[in-house]
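Each chain gets a letter, A, B and so on, in the order the sequences are listed, and its residues count up from 1. From a predicted model like this one, the values you see are computed outputs, not experimental measurements.
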Protein chains: 2
Amino acid sequence: MLGVAGMDIEDKAAVACSNGCESTACTHCTQRALAAKQHLFTHGDEQRYIYYVHSGCLRLYKTLGNGRRQVIGFSFAGDFIGFGIGPEFPYNAQSIGRSEVRCLPRGTFHKLALEIPRFAFRLYEATTLELAAAHDLALTIGQRNSTAAVASFLLWLSRRNERRGVAPTTISLPMPRTDIADYLGLTGETVSRTFTRLKVGGLIRVTRKRLVQLTDMPALLELAEGMGGEREAFGYADGLRRIPH
Amino acid sequence: MLGVAGMDIEDKAAVACSNGCESTACTHCTQRALAAKQHLFTHGDEQRYIYYVHSGCLRLYKTLGNGRRQVIGFSFAGDFIGFGIGPEFPYNAQSIGRSEVRCLPRGTFHKLALEIPRFAFRLYEATTLELAAAHDLALTIGQRNSTAAVASFLLWLSRRNERRGVAPTTISLPMPRTDIADYLGLTGETVSRTFTRLKVGGLIRVTRKRLVQLTDMPALLELAEGMGGEREAFGYADGLRRIPH
DNA sequence: CGACAAGTTGATACCGTTCAACCTGCGTGG
DNA sequence: CCACGCAGGTTGAACGGTATCAACTTGTCG
């Protein structure tokens, strides 16, 4: 075995890269600084590079002809963006705040993969983990109500913290509410209302708009599974009282 | 280049397999016949094999603690099931009707990948395409209304036919309405109503319950992008008249 | 400090869900 | 071969969660 089980997707990819970069890829790599809201690439752009996020955070999203937007992921520092084999990117990548990325020429990257089996295998592993994440997202969007969706989103960030040795109860949100909304298939308003319901329910504390404390993990875990209010505590399926008008 | 651009994901995987199977994998492979509704594996089962669907159709799905189900994909004859590196399957695979699968020992499969770079690379390619499909699903569930979702589902099957040289306007549905519903994040009732609306709108013809003719492709394409009824033909966003009570 | 983006809260509408009754058609067994 | 049975599918009526549109507040950055 490779002894990488339990590692983060970005960790795996980083290992994969370090293998390759040492030889060739990173000798050719360029840097790029992105301003807030600037696109790294858009849907249909030629796939020339695979990107490595050095700092900042980007949103990956797709759009419908009518303008509706689905965020399919967030890329944090240490993540790779742009795995895939098609000639064009099938989604958009946009910097949320300011960020810096490294650009690894795709050709070099793939040549390496064809030369070093372990490298290709790690690419496979990394993609496989992204796939699992995408399936989880589908489960969230399709089957969780707004409360369960927001709860599972917060828990996802919590687990991410945990794996990096950061306090799992202190969640910093680099993205605006509308991104969370478009990620979860909701609207900004609904996300906002859900935050305040979790807040008044005592499950979270919102220190600042982009900084959340998880104060009742077990309850959040239950909510995320749609088990909130088994006894329908307040007459609502998720056991949280609606804010009175 | 490898000259596989534009190939189907299952075609790619088949090539990948044929490369490997010829040497070792398939000499160890066993067959398995599944009855209707029988599970190939369930969430949490140890990942011992990678499966190749020889005949029939399976649904892949995940569930929430409260019992709600999200279908994350359908596996048709020629597809592989079970790519991934974790110790356990993160979803369930259940036969829809009767089906037959071949079981390829995971160890052999992965050893091969580490020996033959091109094989590992093809695994990477195949997973990459599955990932793109999962992102499309998220877009559908999160942003398309019931009409757009059903339209894009039919068009997906249509494109699939096209790539296999089958008439793209004749869609056979191996799965029940409830599977389509749980795939699109809807209910069986809503899918059923949407079918009849498309029917009375003249966009499809339902020959038998599981056999659909696409009679107005351009309109379906517009609907799938949420552009249906730009002029709101019937006063509804999707341009299709609701069935009066 | 001042302007504008981001976030919150409110009122209302509506799409999809839910629960229920009723068809339909396919496979099975008498 | 037909009739039965039942899963699958359709249709109906009402409810409700989330979207939508709008006003207002907050806070962040230049």
Side-chain angles (χ1 to χ4, degrees), chain A residues 35-37 66-69 96-98 141-150 173-182 184-200 206-212 226 228-229 232 234-245, chain B residues 35-37 66-69 96-98 141-150 173-182 184-200 206-212 226 228-229 232 234-245:
Chain A
K37 297 185 190 173
N66 64 357
R68 297 191 57 124
R69 184 182 73 143
I96 292 176
R98 276 190 279 263
I141 304 176
Q143 305 303 331
R144 289 194 236 249
N145 60 21
S146 62
T147 314
V150 170
L173 304 166
M175 73 290 287
R177 299 281 188 273
T178 49
D179 279 348
I180 301 175
D182 285 349
L184 301 175
L186 302 168
T187 61
E189 293 91 326
T190 298
V191 170
S192 180
R193 282 185 244 271
T194 306
F195 269 91
T196 74
R197 266 188 289 128
L198 292 175
K199 199 171 58 183
V200 306
V206 182
T207 314
R208 278 176 295 150
K209 302 293 187 190
R210 304 280 182 98
L211 195 62
V212 177
E232 308 194 0
F234 299 110
Y236 288 102
D238 56 21
L240 290 176
R241 174 177 277 121
R242 262 59 185 172
I243 311 303
H245 292 171
Chain B
K37 298 184 190 176
N66 64 357
R68 295 191 57 122
R69 183 182 73 143
I96 293 177
R98 276 190 278 264
I141 304 176
Q143 305 302 332
R144 288 193 236 250
N145 60 22
S146 61
T147 314
V150 170
L173 304 167
M175 73 291 288
R177 298 283 187 269
T178 51
D179 279 347
I180 301 175
D182 286 348
L184 301 175
L186 302 168
T187 60
E189 292 92 327
T190 298
V191 170
S192 181
R193 282 186 245 270
T194 306
F195 268 91
T196 73
R197 266 188 291 129
L198 292 174
K199 198 170 61 183
V200 305
V206 182
T207 314
R208 278 175 296 151
K209 302 291 186 191
R210 305 281 183 98
L211 196 62
V212 178
E232 308 196 357
F234 299 110
Y236 288 102
D238 57 20
L240 289 176
R241 188 191 302 279
R242 263 58 186 173
I243 310 303
H245 292 172

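- Distance B:Arg208 CZ to D:dT10 P: 14 Å, rounded to the nearest Å.
- Take B:Pro174 and apply the side-chain contact (heavy atoms from CB on, under 4.5 Å) test, not counting sequence neighbours, and it matches B:Cys57, B:Phe76.
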Item to complete: Walk me through it: do A:Leu173 and A:Arg208 pass the test side-chain contact (heavy atoms from CB on, under 4.5 Å)?
Response: CA-CA 10 Å; A:Leu173 304 166; A:Arg208 278 176 295 150; over 6 Å; no

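- With sequence neighbours left out, the side-chain contact (heavy atoms from CB on, under 4.5 Å) criterion links A:Lys199 to A:Thr196, A:Ile204, A:Val206.
- The interatomic distance linking B:Leu211 (CG) with D:dG9 (P) rounds to 13 Å, in whole Å.
- Residues passing the side chain to side chain donor-acceptor pair (under 3.5 Å) test with B:Arg68 are A:Gln143, sequence neighbours excluded.
- Using a 4.0 Å heavy-atom criterion, one finds that A:Gly97 contacts no nucleic acid atom at all.
- For A:Thr190, no side-chain nitrogen or oxygen approaches OP1 or OP2 of D:dT18 to under 4.0 Å.
- One atom, CG of B:Asn66, and another, P of C:dT18, lie 10 Å apart when rounded to the nearest Å.
- Using a 4.0 Å cut-off, some side-chain N or O of A:Thr187 falls inside it from OP1 or OP2 of D:dA19.
- The interatomic distance linking B:Asp182 (CG) with C:dT18 (P) rounds to 11 Å, in whole Å.
- Between the side chain of B:Arg144 and the backbone N or O of B:Leu184, no donor-acceptor pair lies under 3.5 Å.
- Taking B:Thr190 as the reference, B:Ser146, B:Leu186, B:Thr187, B:Thr194 meet the side-chain contact (heavy atoms from CB on, under 4.5 Å) condition, with sequence neighbours excluded.
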N/O-N/O pairs, protein side and nucleotides 1-8 of chain C side, under 3.5 Å:
{"unit_1": "C:dG7", "atom_1": "OP1", "unit_2": "A:Arg210", "atom_2": "NE", "d": "2.8"}
{"unit_1": "C:dG7", "atom_1": "OP1", "unit_2": "A:Arg210", "atom_2": "NH2", "d": "3.4"}
{"unit_1": "C:dG7", "atom_1": "OP2", "unit_2": "A:Arg177", "atom_2": "N", "d": "2.8"}
{"unit_1": "C:dT8", "atom_1": "OP2", "unit_2": "A:Arg177", "atom_2": "NE", "d": "3.1"}
{"unit_1": "C:dT8", "atom_1": "OP2", "unit_2": "A:Ser192", "atom_2": "OG", "d": "2.7"}
{"unit_1": "C:dT8", "atom_1": "O5'", "unit_2": "A:Ser192", "atom_2": "OG", "d": "3.0"}

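- A search for side-chain contact (heavy atoms from CB on, under 4.5 Å) contacts involving B:Lys37 returns B:Arg59, B:Gln94, not counting sequence neighbours.
- One atom, CZ of A:Arg197, and another, P of C:dG10, lie 13 Å apart when rounded to the nearest Å.
- Going from atom CD1 of A:Ile141 over to atom P of D:dA19 covers 12 Å, rounded to whole Å.
- By the neighbour-count criterion of 12 heavy atoms within 6.0 Å, atom CZ of B:Arg210 is densely surrounded, having more than that number from other residues, nucleotides or ligands.
- If you take CG of B:Asp179 and P of D:dA7, they are 16 Å apart, rounded to a whole angstrom.
- Overall, the helix from C:dC1-D:dG30 to C:dG30-D:dC1 carries an axis bend of 50° between its ends, with five pairs at each end and the value rounded to 10°.
- For A:Arg68 and D:dT20, the shortest distance from a side-chain N or O to OP1 or OP2 is below 4.0 Å.
- If you take CD of B:Gln143 and P of D:dT18, they are 15 Å apart, rounded to a whole angstrom.
- Judged as a side chain to side chain donor-acceptor pair (under 3.5 Å), and not counting sequence neighbours, B:Asn145 has no contacts.
- Here D:dT18 is the nucleotide among C:dG16, C:dC26, D:dT18 with the atom lying nearest to any side-chain atom of A:Ser146.
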